Amino acid sequence: MSTKHSLAARAFLADADKVTWHDATFWSLRAKRDGMAQGLPEWERLREAASAIKKHTLSHLDTYLERFADNAERNGATVHWAKDAAEFNAIVLGILKEHGVRKMVKSKSMLTEECEMNPYLERHGIDVVETDLGERILQLMHQKPSHIVMPAIHIKQEEVGQLFERVLGSEPGNYDPTYLTYQARLSLRNEFLTADAGMTGANFGVAETGEIVACTNEGNADMATSVPKLHIAAMGIEKVIPDRRSLAVFQRLLCRSATGQPTTTFTSHFAKPRPGGEMHIILVDNGRTDILANADHWQTLKCIRCGACMNTCPVYRRSGGYSYTYFIPGPIGINLGMGHGPRQYADNVSACSLCCSCDNVCPAKVNLSEQIYLWRQQLESLGKANQEKKWMSSGMKVVFDHSALYNAALKFAPLANHAPRFALYNKLNAWGLGRELPVFAKESFQTMWKKGKVK
């Protein structure tokens, strides 16, 4: 029985050249991450510190959220609380309507993707303009992000060039990245100047100071908050951290893990409204407290959204971001999706080889593969277990529980070496579509041991 993920992955794998390119692109990011990690003798201590800070903060989340909100309001910001996506979207729309906003520019925010804010606002007459270059490309293409840090990295420059020819009127046939970036900047400059409001996400919310911190490489978050006088910041409640000392730990880990850079080009701190303006911070739950209450899966909330787990994941690299049914792909997306809707996103749980590479690169030491394994144990109770695998496992249990059957299987296994290919590789053997059976040895290790051939 094929899952939605495996069916979508099969379509992605049909283009072998694209798969090879996609795999190599993300593996190069993993290699850059490793180079950065090896250049810091304290790297593992930083990871331990990040994990401990997150555990402490999540264990005292109410305290730190209240402290953050109090300090933010003391700075002059207005703090709103949203229990779910619907309430978040309604709050944003209410603020925009109150100020007569018709156009809002925004920097990249996976939280707004999660809440499907853009289509909601557009249905209510608000023009929402993505200003992150990757997000803007996807918006013009009417596509979703395929990666949380590099949302449009799967799109080649020729495709971008053809898009800009149609939409922005750029020079036909000129697909030079520098030129295309220049065309995007020309287009976005006018959007910034004519927008009535700006929105940012938040990589971190510092409880000690009441400020939000946005880490970007393009400076678009700064433009979105320095031209319009109305600034709205969207922040998941798990993004709060205790103080700037904690921020220093995460800032050293985030970009190195994400793109292999020492730091982002811009690390922007927003603590108060600009003169004559307003700043609104919306703290969003949307199922996070439910995940926090789950003893097996609360660690998912330690994630700092660097994307390192995707860059190293052999399944993500070779199946693409759109093969996952949750809007965030890869190992962290599997866990977040299951945390938000186990029955709805159970198909993604199969998209993991349990190689544990994601655990080894996560800067906050989230136990991603362990959680995926635990989710798999719940598929039966969710009514999502694969029946074919259950039958196979039952058959293997019978063989392993009866030594006579096991020994007979060992004895006759070499016969498979001489079986006609059509008998082994057919539609009934999905495993064999991309794999070859090993050659069975004439003698098993057990037989050789009994004969004294192994010492």
Side-chain angles (χ1 to χ4, degrees), residues 72 76-145 148 151-152 163-164 166-168 184-203 212 214 216 218-237 239 268 270 273-274 276-286 327-328:
T78 302
V79 178
H80 308 260
W81 302 80
K83 64 181 179 181
D84 54 26
E87 192 168 343
F88 167 73
N89 289 335
I91 291 170
V92 175
L93 181 61
I95 296 169
L96 297 179
K97 281 191 169 182
E98 182 183 341
H99 292 79
V101 172
R102 300 195 333 187
K103 180 194 291 185
M104 178 172 73
V105 287
K106 65 182 289 288
S107 63
K108 189 159 73 67
S109 164
M110 293 307 289
L111 177 59
T112 59
E113 290 283 348
E114 176 186 330
C115 297
E116 299 183 334
M117 184 198 75
N118 285 18
Y120 174 86
L121 293 180
E122 287 163 0
R123 287 195 300 270
H124 287 82
I126 308 294
D127 183 15
V128 182
V129 180
E130 296 285 353
T131 62
D132 172 88
L133 179 56
E135 290 281 358
R136 183 59 174 161
I137 291 168
L138 292 175
Q139 185 178 40
L140 294 175
M141 286 185 163
H142 306 290
Q143 291 187 22
K144 298 286 187 180
I148 57 175
L163 171 71
F164 283 8
R166 296 193 307 271
V167 179
L168 304 183
R185 289 181 65 187
L186 281 180
S187 170
L188 285 171
R189 182 58 56 102
N190 183 63
E191 303 290 3
F192 283 121
L193 293 174
T194 56
D196 307 302
M199 171 177 270
T200 67
N203 291 94
I212 64 164
T216 69
E218 300 173 22
N220 55 311
D222 299 75
M223 286 291 291
T225 56
S226 60
V227 181
K229 290 194 173 184
L230 174 60
H231 174 200
I232 303 173
M235 181 178 127
I237 57 174
K239 294 295 185 70
S268 306
F270 302 105
R274 56 178 295 192
E278 290 184 24
M279 179 179 181
H280 294 258
I281 302 172
I282 309 174
L283 299 172
V284 185
D285 184 338
N286 201 36
F327 82 102
I328 294 177

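Since the model is a prediction, treat every value here as computed from it, not as a measurement.
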How long is the gap from [atom1] on [X] to [atom2] on [Y], to the nearest 0.5 Å?
| X | Y | atom1 | atom2 | result |
| --- | --- | --- | --- | --- |
| M223 | S107 | CE | OG | 12.5 Å |
| F164 | I137 | CZ | CD1 | 4.5 Å |
| M199 | L121 | CE | CG | 7.0 Å |
| H231 | M104 | NE2 | CE | 10.5 Å |
| R136 | R185 | CZ | CZ | 15.5 Å |
| L93 | E98 | CG | CD | 11.5 Å |

Task: Passing candidate, side-chain contact (heavy atoms from CB on, under 4.5 Å) with I232, options I95, I281, T78, V101 - done: I95

Open item on the list: N220 and side chain to side chain donor-acceptor pair (under 3.5 Å): which single residue from D132, T131, T200 fits?
Closed with: T131

[Y] backbone acceptor or donor facing [X] side chain under 3.5 Å:
| X | Y | value |
| --- | --- | --- |
| Q139 | V128 | yes |
| E113 | F327 | no |
| D196 | R102 | yes |

TODO: Output, in order, the C-alpha distance, side-chain angles, deciding distance and verdict of side-chain hydrogen bond (donor to acceptor under 3.5 Å, both in side chains) for T216 and K108.
DONE: CA-CA 9 Å; T216 69; K108 189 159 73 67; over 6 Å; no

Contact summary for [X] and [Y], nearest pair of heavy atoms:
| X | Y | value |
| --- | --- | --- |
| P145 | L138 | CA-CD1, 3.5 Å |
| G76 | P273 | O-CG, 3.4 Å |
| L96 | A197 | CD2-CB, 3.9 Å |
| L133 | A184 | CD1-CB, 3.5 Å |
| C115 | N89 | O-ND2, 2.9 Å |
| F270 | A221 | CZ-O, 4.1 Å |

Task: Qualifying residues under ring pair (Phe, Tyr, Trp, His ring centres under 6.0 Å), relative to Y120, sequence neighbours excluded - done: H124

Task: E116 atom CD: more than 12 heavy-atom contacts under 6.0 Å - done: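 Result for CD/E116: open.
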
Task: Derivation and outcome, side chain to side chain contact (heavy atoms under 4.5 Å, CB included), residues F88 and T112 - done: CA-CA 9 Å; F88 167 73; T112 59; 4.1 Å; yes

Task: Test side-chain hydrogen bond (donor to acceptor under 3.5 Å, both in side chains) applied to H80 - qualifying residues, sequence neighbours left out - done: H280

Task: Any residue meeting side-chain hydrogen bond (donor to acceptor under 3.5 Å, both in side chains) with T225, in chain and number order, not counting sequence neighbours - done: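 T225 satisfies side-chain hydrogen bond (donor to acceptor under 3.5 Å, both in side chains) with no residue once adjacent residues are dropped.
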
- [ ] I would like to know whether N118 and E130 meet side chain to side chain contact (heavy atoms under 4.5 Å, CB included); could you show each step before the answer?
- [x] CA-CA 9 Å; N118 285 18; E130 296 285 353; 2.9 Å; yes

